[in-house]
There are 2 protein chains.
Amino acid sequence: MYNPLAMKLEQFTRFDPVERARIDELIRHGSRSYARGENIISAGENTEEIHLVMAGLATRSKVTHDGHRQLIAFLVPGDLCDIEVFILEAMDHDVVALTDTTCALIPASEIKRLLTESCNLTRALWWSTMADAAILREWVVSHGARDAKSRLAHILCELLVRYRVVGLGENNSVPFPMTQEELSDATGMTSVHLNRVLKDLRTEGLVELKSRILTIVDFERLSEIAQFEPGYLHLVRTQRADPAVADRVGDLVLPTGRGLFESAWGSARQALGRGAPHKPRAMAS
Amino acid sequence: MYNPLAMKLEQFTRFDPVERARIDELIRHGSRSYARGENIISAGENTEEIHLVMAGLATRSKVTHDGHRQLIAFLVPGDLCDIEVFILEAMDHDVVALTDTTCALIPASEIKRLLTESCNLTRALWWSTMADAAILREWVVSHGARDAKSRLAHILCELLVRYRVVGLGENNSVPFPMTQEELSDATGMTSVHLNRVLKDLRTEGLVELKSRILTIVDFERLSEIAQFEPGYLHLVRTQRADPAVADRVGDLVLPTGRGLFESAWGSARQALGRGAPHKPRAMAS
DNA sequence: CGCGAAGTTGAAAGACCTCAATTATTGTGG
DNA sequence: CCACAATAATTGAGGTCTTTCAACTTCGCG
């Protein structure tokens with residue numbers, strides 16, 4: 001059974017069979033499908049069931065007072081939509097299906113039970129929310145400090161890596177069902193300008209985007225333009241992590257030797273005596 | 001003893017004397033001072049002690065490949081700098097003192113113990129990280145969907161409220177030790193442009209900013225320009241919260257009746273049968 | 001009082017937006 | 001399977017917001 005949540009959490013830790021069974025159990029309590037454009041959760045709601053994206057693509061979004069919509073995050077399979085309602089009184093934003101999307105519905109009580117029963121799973125869930133926050137920080141950097149081209153390139157790199165982590169997409173292609181208008185709401189520019197910038201990336205032979213499939217032709221150059229340093233995704237494959245999991249995204253490697261998980265602070269970690277990050281094998285595009 | 005962490009967490013829950021003593025204990029394990037400009041934590045580090053800002057002002061920051069610095073968050077007294085190193089392998093950004101700052105050093109073991117001992121305190125800490133993430137989301141909205149003037153106004157409103165929560169500042173004035181250059185790195189514009197936009201706010205009689213004190217002269221109009229809806233800060237004062245705590249920020253009320261904690265989804269919550277949010281008393285500026 | 005850092009201002013260039021029209025693509029009913 | 005409508009993508013021209021560069025002024029502090 002395809003369990004993207006488990007695949008994602010395995011980026012952080014290794015599960016024993018009991019824990020793994022526990023995660024599989026989580027997604028068996030029911031599911032629901034949402035049509036494209038439908039709200040999965042709306043601001044102000046406080047659901048009793050946690051939504052886990054199983055298939056499709058969703059987004060967090062807010063609309064400003066003057067009608068400008070801003071997408072705040074993408075939710076790919078394996079992402080939890082609303083774990084915050086555990087603690088916060090209500091959602092402060094909408095979660096919208098960007099394409100037909102199905103979510104597993106996890107009763108809040110199940111999560112609560114898990115939090116009291118398994119330390120390892122609790123840590124994994126915590127990691128998940130912290131990794132989400134790290135992505136959010138990078139979005140702030142993108143929007144505040146990068147120009148349109150770099151910003152677009154960065155978001156494409158992010159999506160590629162995140163899809164690959166949950167086993168979706170082949171080679172350097174991933175599903176890309178959203179419209180340019182939606183992509184422009186994510187990158188904080190007009191759809192007209194996005195179209196022009198995207199055209200630039202296309203004519204430079206960096207990406208292809210047709211029939212809802214994004215193909216990154218030249219990941220190395222694109223990630224240079226994006227200043228994409230995957231370390232912020234915190235996909236650490238520690239000693240706890242399964243080597244087989246590591247291989248799942250292993251071919252996303254910059255031929256220059258800057259691997260997916262090698263980041264700007266690799267040297268710092270070495271200095272701290274924790275060793276350099278694992279360097280996956282290089283491989284042709 | 002001034003304990004800004006407790007003051008902040010009391011926005012979310014009420015503590016019994018034992019819990020309160022536990023929080024006071026946390027900040028008694030030692031402290032350290034940092035000069036302005038000094039790194040409190042650097043990217044790549046993985047500290048054994050959690051840093052809690054007790055006085056001063058700090059910021060999370062990242063520097064892009066082309067040398068552009070982006071501030072990602074402000075850390076006021078009561079904010080935890082690096083609770084993520086519990087879970088993540090290493091910090092993915094720097095935490096820098098914007099003015100002379102002192103931090104309490106909380107041994108990680110103390111936090112761990114707290115997490116296993118007190119359910120209420122665990123929830124409170126979790127709330128704290130989720131409220132931080134909510135602020136981050138609003139920063140993305142600000143940078144992606146608001147123009148320079150609105151963006152600046154928004155960040156000033158945020159700082160005012162957050163300072164007030166921990167009992168700092170009087171009336172509508174708060175400490176504001178950062179330079180315009182640093183503020184421009186936060187708002188994602190050049191210092192030149194920031195200077196002009198700030199001048200506009202000043203000449204319109206909305207704010208005053210001199211000798212490191214920010215005074216918000218007309219909070220109502222400023223928050224209109226900012227489209228500031230304080231609900232995103234999740235400073236819910238539930239039944240668990242102490243009314244005395246509520247009063248601490250209670251005078252930050254928009255004279256029009258849109259209170260500090262009333263947000264766009266007030267009506268939605270009502271429709272869901274959970275009642276309207278608590279409406280603090282209105283009061284003159 | 002003098003020095004360095006921070007704040008302020010002007011003018012011109014560049015990035016991005018707006019508006020509007022055109023073309024391509026997708027989905028649907030016959 | 002095709003025709004049609006609706007949606008999405010593309011392009012052009014001109015305007016606005018923001019940046020760049022450089023000079024100048026003010027402030028803080030020894």
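Here is how names work: the chains are called A, B, and so on, in the same order as the sequence lines, proteins then strands, and each is numbered from 1. This is a predicted model, so every value here is computed, not measured.
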Donor + acceptor pair across side chains of A/Ser184, A/Ser191 (<3.5 Å): no
Greater than 12 external heavy atoms within 6.0 Å of B/Arg202's CZ: yes
Nearest-Å distance, [atom1] ([X]) to [atom2] ([N])?
X: A/His143; N: D/dT18; atom1: NE2; atom2: P; answer: 15 Å
X: A/Leu198; N: D/dT10; atom1: CG; atom2: P; answer: 7 Å
X: A/Leu98; N: D/dA8; atom1: CG; atom2: P; answer: 12 Å
X: A/Arg151; N: D/dT18; atom1: CZ; atom2: P; answer: 13 Å
X: A/Lys149; N: C/dC16; atom1: NZ; atom2: C1'; answer: 15 Å
X: A/Leu209; N: D/dA8; atom1: CG; atom2: C1'; answer: 12 Å
X: B/His68; N: D/dT18; atom1: NE2; atom2: P; answer: 14 Å
X: B/Met189; N: D/dT20; atom1: CE; atom2: P; answer: 13 Å

Ring centres under 6.0 angstrom apart (A/His65, B/Phe228): no
Ring centre gap for B/Tyr232 and B/Trp139 strictly below 6.0 Å: no
Under 3.5 Å: donor-acceptor pair, side chain of A/Arg212, backbone of A/Phe176: no
Please determine whether a side-chain nitrogen or oxygen atom of [X] lies at a distance below 4.0 Å from atom OP1 or OP2 of [N].
X: A/Arg202; N: D/dT10; value: yes
X: A/Lys199; N: D/dT11; value: yes
X: B/Asn195; N: C/dT8; value: yes

Side chain B/Arg212 and base D/dG28 donor-acceptor under 3.5 Å: no
Under 3.5 Å donor-acceptor pair, B/Arg196 side-chain atoms to C/dG7 base atoms: no
Ignoring the backbone of [X], work out which of [options] is nearest its side chain.
X: A/Gln180; options: D/dT10, C/dT18, D/dA22; answer: D/dT10
X: B/Thr179; options: C/dA6, C/dC17, C/dT9; answer: C/dA6
X: A/Val192; options: C/dC16, D/dT18, C/dT18; answer: C/dT18

Along DNA chain C (nearest heavy atom to each residue), the more 5'-positioned of A/Lys210 and A/Val197: A/Val197
Sugar-phosphate, base or nothing in reach of B/Arg36, heavy atoms under 4.0 Å: sugar-phosphate
